[in-house]
Amino acid sequence: MNFRNVKRRKIHEDVANQIEEAIIAGTLAEGDNLPSERDLMESFGVGRPAVREALLLLERTGLVQLTTGGRARIIRPTVTVLVNQLAGTAKHFLASPGGEESFQDARRLFEAAIARNAAEIATDSETAQLSAALEANRATLNDMAAFERTDVAFHFSLASIGDNPVFAALHGGIAGWLSMQRHISLRVEGAAERAFKSHEAIFDAVATRKPEAAWHAMDDHLRDVMQLYRKSSVES
């Protein structure tokens with residue numbers, strides 16, 4: 001590996017960029033160990049702090065795994081890592097004027113499309129899994145904390161149809177960022193029952209392969225959630 005000496009102002013970023021380039025080029029493959037910190041210091045002509053900051057940056061981007069006392073190892077980046085990197089930015093945006101409403105609309109459009117797609121491609125096995133998630137949701141109608149968990153699980157089961165890791169990761173990120181919305185809206189009297197009826201309508205549309213009906217069922221559901229959230233926020 002022929003690394004270049006670093007001359008830029010942010011030294012650790014240059015170190016990280018060169019290692020990333022080596023990974024992209026295939027010089028470093030998944031499972032390979034990077035040289036020791038001392039060897040990296042000599043190769044780049046930099047100090048230990050720059051090497052350590054570079055490795056931490058690569059760890060945050062999901063390209064390397066760091067272990068105490070061991071050498072950094074190349075790993076395969078995942079969509080989940082990418083989505084998790086956006087968490088801090090998402091929280092700041094949610095706190096800004098109009099940010100929460102923008103995320104709510106984005107979630108509504110995304111999940112309505114997920115429901116439509118599920119109705120188009122769901123296999124019998126996936127439909128059975130969605131049915132089990134619906135029944136678990138039904139069983140927790142009298143336990144609000146448990147209902148909230150099974151609510152998330154139902155939506156995740158829907159996003160998992162087709163086994164697209166991008167859909168699942170984006171759903172997980174959005175669900176986490178808007179978790180307070182779900183928590184507050186479900187505290188409105190009758191909200192759990194309304195949510196479950198919406199889940200039934202979504203499931204029926206998916207099970208009978210009616211993409212347009214699935215879209216509208218999810219869109220109606222999340223519009224209702226947004227309305228309940230606003231109502232609860234005003235009352236509190």
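Computed from heavy atoms alone, side chains included, the values below leave out hydrogens, waters and symmetry copies. Along the sequence shown, residues carry numbers from 1.
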Problem - Short side-chain to backbone donor-acceptor contact, N17 and E13, under 3.5 Å - result: yes
Practice task
Hey, can you tell me if H171 and H155 have their rings parallel, tilted or perpendicular (30° and 60° cut-offs)?
Solution key: parallel
Completion exercise
Between the CG atom in D14 and the CZ atom in F44, the distance rounded to the nearest 0.5 Å is 8.5 Å
Exercise for the section: Decide yes or no for D105 and L109: does some side-chain heavy atom of the first lie under 4.5 Å from some side-chain heavy atom of the second? Expected result: no
Exercise for the section: Can you measure from CG (N142) to CZ (F147) and round to the nearest 0.5 angstrom? Expected result: 10.5 Å
Exercise for the section: Starting at CD1 of I161, measure out to CD1 of I121 and round the result to the nearest 0.5 Å. Expected result: 7.5 Å
Practice task
Compare all side-chain heavy atoms of Y229 with those of V188 and state whether any distance is below 4.5 angstrom.
Solution key: no
Handout entry: Heavy-atom side-chain contact between K197 and H221 under 4.5 Å
Key = no
Practice task
Using distance alone, with no hydrogens and no angle criterion, decide if S36 and D39 have a side-chain donor and acceptor under 3.5 Å apart.
Solution key: yes
Problem - Heavy-atom side-chain contact between R52 and H12 under 4.5 Å - result: no
Exercise for the section: Please examine the side chains of E59 and V64, heavy atoms only from C-beta on, and report whether any two atoms are closer than 4.5 Å. Expected result: yes
Handout entry: Whether E20 side chain and L58 backbone form a donor-acceptor pair below 3.5 Å
Key = no
Problem - Residue of the set L66, V51, T61 for which side-chain contact (heavy atoms from CB on, under 4.5 Å) holds with L56 - result: L66
Completion exercise
Separation between CZ (R116) and CD (E212), nearest 0.5 Å, reads 4.5 Å
Exercise for the section: Test side chain to side chain contact (heavy atoms under 4.5 Å, CB included) on D220 and D224 and set out the steps. Expected result: CA-CA 6 Å; D220 290 345; D224 189 48; over 6 Å; no
Completion exercise
d(L158 CG, M218 CE) to nearest 0.5 Å is 5.0 Å
Exercise for the section: Keeping the roles fixed (side chain from D32, backbone from A29), state whether a donor-acceptor pair exists under 3.5 Å. Expected result: yes
Problem - Side-chain (S198) to main-chain (R194) donor-acceptor, under 3.5 angstrom - result: yes
Handout entry: side chain to side chain contact (heavy atoms under 4.5 Å, CB included) evaluation trace for V15 with L40
Key = CA-CA 9 Å; V15 173; L40 288 172; over 6 Å; no
Exercise for the section: Supply the atom-to-atom distance R138 CZ to T150 OG1, rounded to the nearest 0.5 angstrom. Expected result: 11.5 Å
Handout entry: Over 12 non-hydrogen atoms of neighbours within 6.0 angstrom of CZ in R209
Key = yes
Problem - Atom of N137, atom of D151 and distance for their closest heavy-atom approach - result: ND2-N, 3.5 Å
Handout entry: Residue pair A159 / I114: nearest heavy atoms and the distance that separates them
Key = CA-CG2, 3.7 Å
